[in-house]
Structure formats: C-alpha cells, structure tokens
Amino acid sequence: MDSIVVTGGGELRGEIPIAGAKNACLALMPATLLSEEPLTLTNAPRLSDIKTMTTLLQSLGAEAASLQDGQVLAMSSHDLTSTRADYDIVRKMRASNLVLGPLIARHGHAEVSLPGGCAIGARPMDLHIFGLEKLGAEIDLRDGYLHAKAPNGLKGAEIPLTFASVGATENIVMAATLAKGTTVLTNAAREPEIVDLVQCLRAMGAQIEGEGTSRIEIQGVDRLHGATHAVVADRIELGTYMLAPAIAGGEVECLGGRLDLVGAFVEKLDAAGIAVEETARGLRVSRKNGRIRAVDVTTEPFPGFPTDLQAQMMAMLCTAEGTSELNETIFENRFMHAPELTRMGARIEVHGGKARVTGVNKLRGAPVMATDLRASVSLILAGLAAEGETVVSRVYHLDRGYEHVVRKLRGVGAQVERVKA
Ligand code: UD1
C-alpha cells in the first residue's frame, strides 16, 4: 500500500487550483438516470469515488464515459438493463444510495443495497426512506437490500425532514422531479451541493424553487431532457488547502475558491488569526505574524461549520496558543484522527462528541495511519509544520477525495512525496 511522506518546516507560497466538488458530482451523476437524453458534466474531479459511481451507473446499463482527462463526464441512460445497485459497489461508497430516488422515479422500482457501517458512524437511511415513502414508494428491507417500488408512480407530498440530511434531500428532490403534482420538502439541507444539483435538474427541465433554503418546492414534470452542467467548486478541498499556509506559514491563493462556500469556516480562520482575502481568481490565505490562536468549533449542517473540515481544523489547532474545543454534532465517531495527531505530539482529549485540543509549540513527525478521507488529509496538513518526517499510510482513502494532492502541495513548495509500496 502506498504512503505519503511529508517533511515539515518550510513556508508555502503560490497557487492551488480547486477542483469540482466530489460530493456535488456524486449527486449529479445519478441525475442522468432521470432522463433518456444525455447528461454531460464538466469540471468533474478526478477521483476514485467518481470512478465507483461510473461503474455503478454502467452496471445499471447507463453509458458513462470519462473525457478530457476525466474532467468531462458524458452519460446517457437511454436504455437501462438493471435497477439493482449491488452490495459489492455500494459497500465501497455510501453515496451509491443516490441512485435510489432516480430509479424509482423513472422506472417504478429499484433494489439498492444498504451501505452498511462506515468508519465515521452508523449513517442510517431512514430519512431517505421516509421521504420516498411519502412520495408513494413502497420500500421493504430484504437480504440487506432496500426493495422499492411505485407501481402507480410517485405523487407529490409534504415532506418534513426531522434532520437536514444532505443525501436524503438529494434523493427526495430527484425523485420528486418526475412525481405527479407538488412536493414541499421542509428542513431540507442547504448545502451548496444541493444548490448545484437543483441547478442541473432545472437545466434538465425540472421545476424547482427554494434551493439553498430549508424549504424546497418541486412541481413534477412528465419528463426531463438532456443538459450540460459545470460542477461547483469543492468547498472541502478549498478549506483543506486554505489550512495548508495557515498551518505551515506563507501565502497561498486557492484558484476558484469562493467565500460564500466557506463562510463559517473563514470566520473561524479569522478568529484564529489567519488572513483570508478575496481575489479576482479565488481566495488568498496568509498567516499573520505570531502563533495561531485557539478557537472553539461546532460542526453543523450548512451554513454552519462543515463536519468534513473538522479533522483538518483540528490539525491546525494542535499548535494554537491556548485550548480549543471541537464539538462534532453530525457524526458520532469522527475523532479517529485524534490518537494519530497525539502520536505527533498533539495534546488532545476526546470525550464522546467533544475534543479539547491544547496547543503545543511544535508537532513532531511520526508514522501515522489514516482511517478515513478527511482524517488522512488532516495528518498530511499536520505534517507540513511538524519537525522531521511524517509518513501517512493507507492513503487510498485520499484518492477518494483529493485529486493530485501531492502535485498540488508540491506546487506551493511543500516537501511531500508518494512512496509506492
Ligand atoms: C454528505 C456528504 C458527507 C458529509 C455529510 C454531512 C456526500 C456524498 N457526502 O453525506 O461528505 O460529511 O453530507 O455534511 O455528499 N442520517 C440519518 N438518517 C438518514 C440520513 C442521515 O440519521 O436517513 C444522519 C447520519 O447518520 C448523520 C447525519 O444524518 O449523522 C448527516 O448525514 P447526511 O447529511 O445524510 O450525510 P450524507 O448525505 O451521508
């Protein structure tokens, strides 16, 4: 298995291009199942999760080709040969469950494996099921699969979510585009990836209002047509690379970065003493003089602080002046990076969903192991300012969500290399 070796110490200077959002792309790709006509996505990120979704769509009989070095995805679901999302694919990636809503809406039935456990928590699908049942789907769980059918088609409904789940909102919105009548989804997720999905569905002919607010109204239409859509910038990749100069010192411009995608995160950077400035091409981040200041962070649904940046933020706070409290409210088991950071000299105490980080002057490089995608990158970030060498193993997690991570960090002067096993 490959590992990434980081030699800490130097300041970072230069530019990092931000890719299209993994999480937006993973919701946009299944939207192809809603139409007989082709859907083309541009600005797609080159990631193994995108390949997994491509394989899943192909297993259903859709055409899905990756063009222009992977930045364009050309898909067509004219003739589907299957409506079954197999366990072998779904277990690799939970977002596979986003084919459920589109398949029931267009084909009247679907069999989708339950994703099973995930390193960061239980992650059930009850809200997806609740919403789709409200639309008239009948869903049973047998043999580890959700068997869903809608023999009489889907009908618009009022759907109050008890939690603003991103995936449930995406599945329900996609299904409702082809339902008869009006669907009103309340307590909907407001993430930029939902806004991006709705913009694409609208380009395909869907009638939707309210994306980006907690009330989304969908007027069902008989059919959707083809479209071409550019994937929104990845706010999590953006936040991750904004933390690189914050941790290591220096100044980096993140090309394609937008303040509206990372507002709550930037407020915390500001409180920690990190300067962020909008430029014509993105966001420029620099470390002001002196040590980083401790800040308290609570993860929340958008527009709050994203859980997907919590591990990386913790890496920065390990060397802050003072004690920071991190409160993880979205996933119950998302501090697995803490013991690894501790191996690098960090002082972290975890109690349930809360972590207290007392800043130390310097971290020291160590061999560490990543347990999930965001944890892996947090260890690389920590290594950038640590004394000596940090070797991060199990980097296949990184390939799921960060394209060319080594090339991007080397481009701003970091000493990072990937070592083949
Ligand atoms: C998406 C993102 C993921 C991010 C998460 C929260 C994708 C592909 N992944 O995941 O990177 O960390 O949003 O911002 O977009 N829940 C239920 N029942 C459900 C669904 C969810 O209880 O039916 C709970 C989950 O267990 C979790 C919380 O809701 O505690 C958030 O989950 P959700 O917003 O659905 O996240 P995902 O869509 O899985």
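These figures come from a predicted structure and were not determined experimentally. Along the sequence shown, residues carry numbers from 1. We use all heavy atoms of the structure for the numbers below, so side chains are in, but hydrogens, waters and symmetry mates are not. Just so you know, ligand 1 is whichever comes first in the structure, and atom 1 is the first atom listed for that ligand.
- No donor-acceptor pair under 3.5 Å is formed between the side chain of Glu191 and the backbone N or O of Ile194.
- The distance from ligand 1 to the heavy atoms of Asp308 drops below 4.0 Å at these ligand atoms: 3 (C), 4 (C), 11 (O), 12 (O).
- Under the 3.5 Å distance criterion, with hydrogens and angles disregarded, a donor-acceptor pair is assigned to the side chains of Glu328 and Thr307.
- In the vicinity of Arg334, heavy-atom distances shorter than 4.0 Å reach the ligand 1 atoms 12 (O).
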Audit row: Glu325, Arg356, salt bridge (charged side-chain N to carboxylate O under 4.0 Å, His left out) steps and yes/no: CA-CA 5 Å; Glu325 241 186 47; Arg356 273 168 71 85; 3.7 Å; yes
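- At a 4.0 Å heavy-atom cut-off, ligand 1 touches Leu127 through backbone and side chain alike.
- Side-chain atoms of Glu63 and His78 include no donor-acceptor pair closer than 3.5 Å.
- Distances from atom 26 (O) of ligand 1 to the heavy atoms of Pro115, Pro301, Ala21, Pro124 put Pro124 nearest.
- Residue Arg94 has at least one heavy-atom neighbour below 4.0 Å for each of these atoms of ligand 1: 39 (O).
- Close N/O approach between Leu26 and ligand 1 is not found [any backbone or side-chain N/O within under 3.5 Å].
- Under a cut-off of 6.0 angstrom, the local environment of CZ in Arg202 is crowded, with over 12 non-hydrogen atoms contributed by other residues, nucleotides or ligands.
- Residue Asp126 approaches ligand 1 through these ligand atoms, each under 4.0 Å from one of its heavy atoms: 17 (C), 18 (N), 19 (C), 22 (O), 23 (O).
- At a 4.0 Å heavy-atom cut-off, ligand 1 does not touch Ala168 at all.
- At a heavy-atom cutoff of 4.0 Å, ligand 1 is contacted by the side chain of Phe163 but not by its backbone.
- Nearest heavy-atom pair across Leu363 and Ala382 is CD1-CB, 3.9 Å.
- Among Lys22, Lys51, Arg46, Arg418, the single residue meeting the salt bridge (Lys or Arg N to Asp or Glu O under 4.0 Å) criterion with Asp399 is Arg418.
- Using a 4.0 Å cut-off between heavy atoms, Ile129 makes no contact with ligand 1 at all.
- Defined by atom type and a distance below 3.5 Å, a donor-acceptor pair is present between the side-chain atoms of His109 and Thr83.
- The list of side-chain hydrogen bond (donor to acceptor under 3.5 Å, both in side chains) pairs with a residue in residues 217-239, not counting sequence neighbours, reads Glu37-Arg223, Thr182-Gln219, Glu193-Arg235, Asp196-His229, Arg215-Glu217, Glu237-Lys408.
- Closest heavy-atom approach to atom 35 (O) of ligand 1 within the set Ser165, Ser96, Cys25: this belongs to Ser165.
- The atoms of ligand 1 that sit less than 4.0 Å from any heavy atom of Thr307 are 6 (C), 12 (O), 14 (O).
- On a distance-only criterion, Asn23 and ligand 1 share at least one N/O pair closer than 3.5 Å.
- Asn171 and His128 share a side-chain donor-acceptor pair at under 3.5 Å.
- Heavy-atom proximity to Gly167, at under 4.0 Å, picks out these atoms of ligand 1: 35 (O), 38 (O).
- In summary, the atoms of ligand 1 found under 4.0 Å from a heavy atom of Ala95, numbered by their order in the structure, are 8 (C).
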